[in-house]
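Reading through the structure tokens given below for one structure.
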Amino acid sequence: MEIASKYNPAEVEEKWYKYWMDNNYFHSEPDEREPYTVVIPPPNVTGVLHMGHMLNNTIQDILVRRARMTGKNACWVPGTDHASIATEAKVVNKLNAEGVDKYDLSRKEFLEHAWDWTHKHGGIILEQLKKLGASCDWERTAFTMDEVRSESVIKVFVDLFNKGLVYRGVRMVNWDPSAKTALSDEEVIHKEIKSKLYYLKYRLAPLNPPEGGEKNPSYKTARKSEYELLKKNAKRLRRFSTEAESALWEMVRANNLGDKFRRQHIINNIIVDFVCLSKKLVIEVDGGYHNNPEIEELDKLKTNILNELGYKVIRFTNEEVLTSMDTVLQSIRDALVSPPTGEPEGAFITIATTRPETILGDTAVCINPADERFSHLKGKRVLVPLINRSIPIIEDAYVDMEFGTGCLKITPAHDIHDYEIGMKHNLPSIDIFNDDGTLSDKAGMYVGEDRFDVREKIVKELEAAGNLEKIEDYTNKVGYSERTDVVIEPKLSAQWFLKMDELVKPALENVMNDNIQFHPAKFKNTYKHWMGNIKDWCISRQLWWGHQIPVYYLPDGTFVAAETAEQALELAKEKTGNSSLTADDLTQDEDALDTWFSSWLWPISVFDGIRDPENREVNYYYPSSDLVTAPDIIFFWVARMIIAGYEFRNELPFKNVYFTGMVRDEQRRKMSKSLGNSPDPLDLIEKYGADGVRVGMLLCSPAGGDLLFDEGLPQQGAGFSTKIWNAFRLVKNWEVSSEIEQPEHSKQAIEWFRNKLGEVVETLDSQFANFKISEALMTVYTTVRDEFSGWLLEMVKPPYQKPIDAKTYADVVDLFDQVLRLMHPFMPFITEEIWQLLSEREEGESIMISQIPKVKKYDSELLATFDDVKEAVSGVRKIRKEKNIAFKDAIELSVQKGDKGFDETFNSVIIKLGNISKLTLVNEEVKGAASFRVKSTNFYIPLDGFIDVEEELKKLNEELKYTKGFLISVQKKLSNERFVNNAPEAVVAKEKAKQADAEAKIKVLEERIASMK
RNA sequence: GGGACAUUAACUCAGUUGGUUUAGAGUGUUACCUUGACAGGGUAGAAGUCACUGGUUCGAAUCCAGUAUGUCCCA
């Protein structure tokens, strides 16, 4: 048969995948064998394969294929997730592009569009997995919104509702203003961003604000009882104003100076002569009666009070006004330009915020009761800048005295901590945002404008009004929506919650006691921490694409939960005692359930174990064996599946969880669409073959560690394919002769490799048992490349253009077959291709359903002996290289045994691989020869008396120096009495053996050096 | 701010209850080889104060404490 000189992955992979499918090898049915079950982490139904999927599914396929080859009934269930928020966002965008607004459609119409979209783009990712070689049981493909899964979700909701674990509550939730839905805490990504810290000045409000909530408190600020009196007084003063006052009034009235002034205006309980409210400027004109110490004192007091209220006060005498009006007006103009600057301390307090737009929702300012800097402010009030709402200064130990200015503004509607403080202090809550993140009419300003536009605008306005003290650069963490990547707005809303505190108990316990094992185990800590601090799960989403919450509201506002509308009606009748209720009287809750509320049932629901808990399949396949997933969904998914497992089946959902790393680029950046740093997995498969990519992905992906991907990896994988292919070509192209005897070296080589394989099988078993998949691949890789190709094939290779004996050939084919089986889980395609070509196969046979070699006894002493042989061959090669002796020129080799002796079992191998013309055993050292040592055995290669003595001596001395150094380190240990007395006997014995070996070698070296001199 | 994990060769990582030669692998690198399956090859070599400072111990990459740096999680 003609064998292609170059391996062609594309052709081979397509051929064998079809063959496996045609023979239904991936399909599993319950039988008497031990089951091995894996459920796929369901990818987004409309998604496409990315590098993370590649890694994840390669690992799953390796585990599944290996389990299948060890005689287990392997079942890998594939499927997809409806990805509520992501898919809905895509559909909304698509509709928008067509000029259709979601809210112009009915729920039913929208869902039709969503299903169209799902059918059009759905399942592509599963087809891509086939290219990778995934051996999923495609007949079992499930979808989180198909009939079985949907009914399971609804059943579970009703069940939890009836158990009293689901409740409806008004809570502060994470609001996604783009998707216009609530999110769970887990769907919020905190990102560190560079932002600004704005220092805002809040002016102290006059004390005792009037009752009744007048629109602008700064107008009428006196107590109501006093106010009427003051008002009369002011009126009187206006009527009897002095000449100077009248003159000045003529100049400032009617916006003559650009700002509106009032005269004889009441502020707090003071009547001032003139005031510009917008610039907070008070002008006092001293009448004749002011030249009086008592009055002067009173004026000072008045000024202080006004200053505290944030007013600037300037005074003129009657003379000044009457004689130099120009100067007076200029002073007033100057004061108007920068009125707040002269403000005395204590007239305001400064708070620091990153979100200046939220001041419109402020309902208090908070200080720490222990903060002496602000003790004079206790019980006072301040005015919210721009809108001049009077709010109280409250005290709470929550405030960090070190942070910012030590004063905190409280916006209960828009910050979770503020919300809690608000509850505690009974503060009103003003929600200034609409659902889409624009400002609501409650904000009073910027209504309908976007929150981020408003931030820019309000800062300018605050600055103009003199409320902005400074802006500092600041780095803080901001929550973003995992799906839509917009900034999350904390928002108070009515949502459905699942009580978690009881549910988590078995889930936590069974991970901590290793009934469920995490690989690597460090994720137990993360898990424990989360479980210990768990909050109730917000399971409602204001979305349509998903499972609609099966809660039905009655006309009186109460509700029932039921699997169907009919059952709901029955329940409602029962509940109300009103048998005349009809279906039209009930309204189903508009919200959908969180996507994870369906995926947490996945290991059960794929076998229909929720609807039909005792069916044969779920009883056979559940619990599943291993789960392979990325660590970023440990809370979203893994933890909740464990919770669901114990709650709904009273059993763990899987025995092992293998956490893969994140796939990153060479610069450690996460691979993402937006960065464009992610290669298309399908391009890679086309270029390097699925086997090459699988090997490349795994070569450097320790469990839990990140994988730094670059194209060198699949290239190396493809190189490995070539290597095996060429090994196969070599073997297959040998001419076999039954005439010739099996040479001794071939016999020895095969004996050695049989034992070697025993060791390899054992190593692989333990590596798989510990989920060291990468290491297992490395074991296979070096076995094939070094042991099989580099040593075995070199040893049995017949001379050029000579045939090979039939015995050796048959043995090599058998060993090759075993190696291929060990490789198959990693590289399914090329191993199948070679396996099919290696021997005659019947129709319907396949390596994928063959048995993997089992652990057998092997002779580890023989392996150790062979390691010495390898060293001896290396020694010959090294000397050949140094002395520039071509391999085709045969050389002689003499062996002088040392104290320990040298095992001669493999001498024929040394002869063959060293191209030795004659191997002699000697008792004396050989003069004029190049030498090397393995342990205490001397090897000599006579060089017709031509040898560089200097060079040889130099090398011998180096070797001697190293060995002596080593001996000293061993002796140091042994001469330490405390070591000899305290260390275990075996350790001491080992050290003594080391010492003996080293001493023997030194003796040999010294003799050799002496004889050369 | 709280916590977890990490730090070993140029890079990515192993290193099991402390004792496996004077710490290993893969990649890379250097030199050489090449009409013999394989230049996507072969052979050989170089490369590390095991982050730092102390401590425990007969003995520390390994255990403990602290420091530094980094990554992740939570708030």
Side-chain angles (χ1 to χ4, degrees), chain A residues 3 5-7 185-186 188 190 400 402-403 416-417 477 479 520-530 532-533 535 631-632 634-635 661-662 666 668 688 692 699-702 704-710 712-713 715-734 766 770 772 774-775 777-779 781-782 785 789-790 793-794 797-802 873-882 884 886-888 962-970 972-984 986-988 990-991 993-995 997-998 1001:
Chain A
I3 293 165
S5 67
K6 210 159 174 260
Y7 177 64
D185 292 343
E186 288 69 32
V188 179
H190 292 272
D400 181 355
E402 306 296 316
F403 182 81
I416 182 70
H417 304 292
K477 293 225 176 147
K522 66 175 179 184
F523 286 109
K524 272 168 80 176
N525 292 326
T526 314
Y527 180 82
K528 185 183 173 189
H529 190 252
W530 186 73
N533 297 291
K535 301 214 185 92
D632 54 349
I634 181 168
F635 306 134
M662 301 289 289
E666 312 87 282
R668 271 200 188 274
Y688 303 106
L699 270 173
C700 67
S701 59
D706 287 348
L707 185 153
L708 274 61
F709 185 85
D710 82 320
L713 294 168
Q715 212 166 351
Q716 197 189 339
F720 187 44
S721 296
T722 307
K723 180 81 189 162
I724 307 154
W725 186 250
N726 280 315
F728 168 65
R729 281 176 58 216
L730 172 71
V731 171
K732 209 56 196 172
N733 285 328
W734 281 332
S766 100
N770 294 302
K772 308 219 163 182
S774 265
E775 281 180 43
L777 172 61
M778 192 49 74
T779 302
Y781 182 82
T782 52
R785 199 192 56 177
S789 298
L793 293 186
E794 289 299 328
K797 190 154 79 179
Y800 186 52
Q801 289 188 333
K802 294 269 168 61
V873 172
S874 270
V876 173
R877 283 175 179 162
K878 207 168 156 184
I879 285 174
R880 277 184 179 280
K881 189 190 150 197
E882 279 161 15
N884 230 342
F887 181 78
K888 55 191 173 194
Y962 174 88
T963 315
K964 276 186 167 165
F966 171 62
L967 178 66
I968 287 165
S969 81
V970 176
K972 229 187 208 166
K973 260 188 202 172
L974 284 168
S975 62
N976 184 339
E977 260 179 57
R978 286 178 299 181
F979 171 70
V980 182
N981 295 337
N982 295 329
V987 175
V988 178
K990 209 180 269 172
E991 289 301 312
K994 277 192 218 164
Q995 185 186 25
D997 281 350
K1001 190 158 185 180

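Chain identifiers are assigned alphabetically (A, B, ...) following the order of the sequence lines, protein sequences preceding nucleic acid strands; residue numbering begins at 1 within each chain.
The base-pairing partner of B:A65, taking Watson-Crick or G-U wobble contacts with both distances under 3.5 Å, is B:U53. Look at B:A31: its Watson-Crick or wobble partner, with both distances under 3.5 angstrom, is B:U43.
In this structure A:Lys797 satisfies the salt bridge (charged side-chain N to carboxylate O under 4.0 Å, His left out) test together with A:Glu794, sequence neighbours excluded. Remark: A:Tyr688 engages no residue in a ring-ring contact (aromatic ring centres under 6.0 Å, His included) (not counting sequence neighbours). Here A:Tyr781 pairs with A:Phe720 under the ring-ring contact (aromatic ring centres under 6.0 Å, His included) rule; sequence neighbours left out. The side chain to side chain donor-acceptor pair (under 3.5 Å) test applied to A:Arg880 returns no partner, not counting sequence neighbours. Residues passing the ring-ring contact (aromatic ring centres under 6.0 Å, His included) test with A:His529: none are found, sequence neighbours excluded. When the side chain to side chain donor-acceptor pair (under 3.5 Å) test is applied to A:Glu775, no partner is found at least two apart in sequence or on another chain. The side chain to side chain donor-acceptor pair (under 3.5 Å) check on A:Trp734 picks up nothing, with sequence neighbours excluded. Residues passing the salt bridge (charged side-chain N to carboxylate O under 4.0 Å, His left out) test with A:Lys878, sequence neighbours excluded: none. Taking the side chain to side chain donor-acceptor pair (under 3.5 Å) definition, one finds that A:Lys524 meets it with A:Asp514, sequence neighbours left out.
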Is there any protein nitrogen or oxygen under 3.5 Å from a nitrogen or oxygen in nucleotides 57-60 of chain B, and what are the pairs?
unit_1	atom_1	unit_2	atom_2	d
B:C58	O2'	A:Asn976	ND2	2.5

Could you write out each protein N or O paired with an N or O of nucleotides 72-75 of chain B at a distance under 3.5 Å?
unit_1	atom_1	unit_2	atom_2	d
B:C74	N4	A:Lys477	NZ	3.4

Strictly under 3.5 Å: I want the nitrogen or oxygen pairs between protein and nucleotides 44-48 of chain B, one per line.
unit_1	atom_1	unit_2	atom_2	d
B:A44	OP1	A:Ser874	OG	2.6
B:G45	OP1	A:Lys878	NZ	3.3

